[in-house]
Amino acid sequence: MRGRVPHALLGLYLATCLLALVWPGYVWAGNRVEPFVAGLPFSFAWVVGWVIATFLALALFHWTTGGERDD
């Protein structure tokens, strides 16, 4: 049972990322030009931020599970 918790949390996080990057999440929160973030329009910074956060979440998942496979 303990091995399923990280998988469930990762699945929940990835579902949140999906909603943030597609309709309706992107339309509500990320679909605008202003303000500029690090010289990027907000809509582009929104996507880049989620990609970086997803990379960090996957790295953390790999580190906490020890890279085990569920075969």
Side-chain angles (χ1 to χ4, degrees):
M1 191 68 164
R2 188 174 139 231
R4 293 184 183 188
V5 172
H7 290 84
L9 290 175
L10 180 65
L12 182 64
Y13 178 75
L14 292 177
T16 303
C17 289
L18 178 68
L19 290 175
L21 293 173
V22 298
W23 187 88
Y26 180 77
V27 174
W28 289 338
N31 191 19
R32 58 181 180 257
V33 175
E34 304 262 336
F36 285 90
V37 178
L40 299 173
F42 184 77
S43 59
F44 189 63
W46 177 262
V47 173
V48 170
W50 279 104
V51 169
I52 292 170
T54 301
F55 169 76
L56 294 174
L58 288 172
L60 179 66
F61 174 78
H62 181 74
W63 179 66
T64 57
T65 61
E68 299 170 0
R69 294 182 60 142
D70 256 359
D71 290 342

Next on the checklist: Count I, L, V, M, F, W, Y as connected when their side-chain heavy atoms are under 4.5 Å apart, and connections chain through other members. Are Phe55 and Val37 then in the same cluster?
Outcome noted: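 Result: no, two separate clusters.
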
Checklist entry - Should Trp50 and Trp28 be counted in the same cluster of Ile, Leu, Val, Met, Phe, Trp and Tyr side chains packed under 4.5 Å apart? => result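 In one cluster with Trp50: Trp28, no.
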
Checklist entry - Roughly how far, to the nearest 0.5 Å, is CG of Leu60 from CG of Leu10? => result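 Taking CG in Leu10 and CG in Leu60, the distance rounds to 9.5 Å.
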
Checklist entry - Can you list the residues that meet the side chain to side chain contact (heavy atoms under 4.5 Å, CB included) rule with Pro35, with sequence neighbours excluded? => result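 In terms of side chain to side chain contact (heavy atoms under 4.5 Å, CB included), with neighbours along the sequence ignored, Pro35 is linked to Arg32, Phe42.
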
Next on the checklist: Taking transitive links into account, so neighbours of neighbours count too, which hydrophobic residues share a cluster with Phe36 at under 4.5 Å side-chain distance?
Outcome noted: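 The other cluster members (ILVMFWY side chains, heavy atoms under 4.5 Å, direct or chained) are Val33.
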
Side-chain atoms of residues 12-22: list all donor-acceptor pairs with protein atoms under 3.5 Å, sequence neighbours left out, distances to 0.1 Å.
residue: Tyr13; atom: OH; partner: Ala53; partner atom: O; Å: 3.4
residue: Thr16; atom: OG1; partner: Leu12; partner atom: O; Å: 2.9

